[in-house]
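As C-alpha cells, the structure follows; a few thoughts come after it.
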Amino acid sequence: MFVPTIIILTTYPTLAIKEEAIRLGFMSCGVSKAVFLEEEAPRLEQWLQKGQHGNMQYMENHFDKRLDPRLLVDGAHSVVTVLLNYFPEESQNPDSYKISKYAYGTDYHSVIKDKLKALLFFIQSQYGEVHGRAFVDSAPVMDKAWAVKSGLGWMGKNSNVLTKKTGSFYFIAELILDINLEPDAPTTDHCGSCTACIDACPTQAIVSPYVVDGSKCISYFTIELKEAFPDGMGKQFDDWMFGCDVCQDVCPWNRFSKPHTEPNFKLLPAIKTFTKKDWEEITEDVFVEVFKHSPLKRSKWSGLQRNIRALKDRFD
C-alpha cells in the first residue's frame, strides 16, 4: 500500500523578526502567507484593460508574477511586509515648485534595501538556512496588497494604504521567504463616508472610491511620462513639479502622521532653499551633482524642465 510522505513545516517565531524590523528603523512589520492574490487578479486585469496605467507598459509585464510570490521565490511560504515612515519634520521652500514628500531626501530604494538585507541576515543567523529576496519597487510585487493582507493598514479610497495611528506617508517593501511564519489578520476599512481625497484630486484621477486612473495622476505626468504633456495639462497641476501629495494631504488620518527618524530622508538643503527661479535656472551639470542621490534623478533634468515649462504656460 502506498503511504504518502508527510512533510511537517516548522512555523518560525515571528515576534523576534518583527522586533528586529522595528530595531532596524521600520515603522511596522506584518506577515502573510505567500499565496495567489485571488481578489486582486480581476482588479488588476480590469485596470489594465481600461488603460488606466497609461504609458507604464511595464505594468502589463509579468501579470502572473505580480499575483503570485511563489513565482518570484522558489518554495516561498511567507511574505514579510514592512513600512518605513518618510513624513518630514521640515517643509520645502514655500516659494518653490512643489515636490512630493517622499523625494525630500536620499533615494529610498537603497536605504530600504540595506535594511531588508540586514533583516534577512538576522533571520538566517537565527533560523539557519533560509532563502528569500528583498523587494523595493524592483520587481512585479503588489506592495499595497501585501500590506493590507498583512494587517498593516487598509486600502484607502485614494488607493494608498492607511493606518489609524500614522496615516499613509510611508514606503512599503517586502521580504519573500521560503519559511512558514505566523500570518497576521487584515484590519478593517475606516474611510467611512469620507470623500476628501476624491474631491480634492486636481485632475480627477480618483475615478471612483479605491480606483485611481494612473494615466490622469499628476505623479504619472511629472515622473512616469517621458513624452510631452497634452496642451494645457499643466493648468491642472497646481505647481506640482515632481509627484503629488494632494490626496494624502487632505486625508483626515494623516493628521496623525509623525516625523520620521531616518537620517537619510532628511530634507536636502537645495530642496529647502530653492525658489522657482532657482529651479528654472539650474543647469544640467549642477542638477546631476546636487541631486545624484535623490529620487528627482528619475525624472532627469530634462523632465523637470519640461514640467516647469508646463507650469509656467498656465499664465501665458
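On a predicted model such as this, the values are computed, not experimentally measured, just so you know.
- Looking at Asp213 and Ser215, their side chains do bring a donor and an acceptor atom within 3.5 Å of each other.
- Sorted by first and then second residue, the salt bridge (charged side-chain N to carboxylate O under 4.0 Å, His left out) pairs involving residues 83-92 (not counting sequence neighbours) are Glu90-Lys272.
- Rounded to the nearest 0.5 angstrom, Ser32 OG and Leu181 CG are separated by 10.0 Å.
- Under 4.0 Å is where a charged nitrogen must lie from a carboxylate oxygen, and between Asp184 and Lys149 no such pair does.
- Summarising the geometry, atom NZ belonging to Lys216 is positioned 8.0 Å from atom CD belonging to Gln52; distances are rounded to the nearest 0.5 Å.
- Taking CG of Leu162 as the reference point, atom NZ of Lys157 lies at 11.0 Å (rounded to 0.5 Å).
- For the pair Leu296/Phe242, a side-chain contact is recorded, criterion being any heavy-atom separation below 4.5 Å from C-beta on.
- Ion pairing between Asp245 and Lys98 fails under the 4.0 Å rule for side-chain N and carboxylate O.
- Ile198 forms part of a hydrophobic cluster together with Ile206, Val212, judged by ILVMFWY side-chain heavy-atom separations under 4.5 Å.
- Annotation: salt bridge (charged side-chain N to carboxylate O under 4.0 Å, His left out) contacts of Glu289 (sequence neighbours excluded): Lys292.
- Using a 3.5 Å distance cut-off with no hydrogens or angles, the side chains of Ser257 and Asn254 do pair a donor with an acceptor.
- Side-chain atoms of Thr203 and Gln236 form no donor-acceptor pair, as typed in the model, at a separation below 3.5 Å.
- In this structure, the ring of Phe237 has its center less than 6.0 angstrom from the ring center of Phe229.
- Residue pairs that meet the ring pair (Phe, Tyr, Trp, His ring centres under 6.0 Å) test with at least one member in residues 136-162, sequence neighbours left out, are Trp154-His190, Trp154-Trp253.
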Run Asp137 and Tyr108 through side chain to side chain donor-acceptor pair (under 3.5 Å) and show every step you take.
CA-CA 10 Å; Asp137 284 352; Tyr108 64 94; 2.3 Å; yes

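- Aromatic pair Phe171/Tyr86: centroids less than 6.0 angstrom apart.
- No donor-acceptor pair closer than 3.5 Å links the side chain of Ser299 to the backbone N or O of Gly303.
- For the atom pair CD1 of Ile271 and OG of Ser294, the computed distance is 5.0 Å after rounding to the nearest 0.5 Å.
- Salt-bridge annotation for Lys277 and Glu280: absent, with no side-chain N of the basic residue lying under 4.0 Å from a carboxylate O of the acidic one.
- Heavy atoms of other residues, nucleotides or ligands lying less than 6.0 angstrom from CD of Glu39 number 12 at most.
- We find that Asp107 and Arg298 are not joined by a salt bridge, their nearest charged nitrogen and carboxylate oxygen being 4.0 Å or further apart.
- A side chain to side chain contact (heavy atoms under 4.5 Å, CB included) with Pro88 is found for one member of Tyr102, Tyr104, Phe265, Phe169 and no other, namely Tyr104.
- In the hydrophobic clustering, where aliphatic and aromatic side chains (Ile, Leu, Val, Met, Phe, Trp, Tyr) are joined below 4.5 Å either directly or transitively, Ile172 groups with Met27, Leu83, Val148, Leu152, Met155, Val161, Tyr170.
- For an aromatic pair to be called close, the ring centres must be under 6.0 Å apart, and Phe274 with Trp279 satisfies this.
- Applying the 6.0 Å contact sphere to NZ of Lys226 captures more than 12 heavy atoms from other residues, nucleotides or ligands.
- Applying the side chain to side chain donor-acceptor pair (under 3.5 Å) rule to pairs touching residues 259-271 yields Lys115-Glu262, Glu262-Asn264, sequence neighbours excluded.
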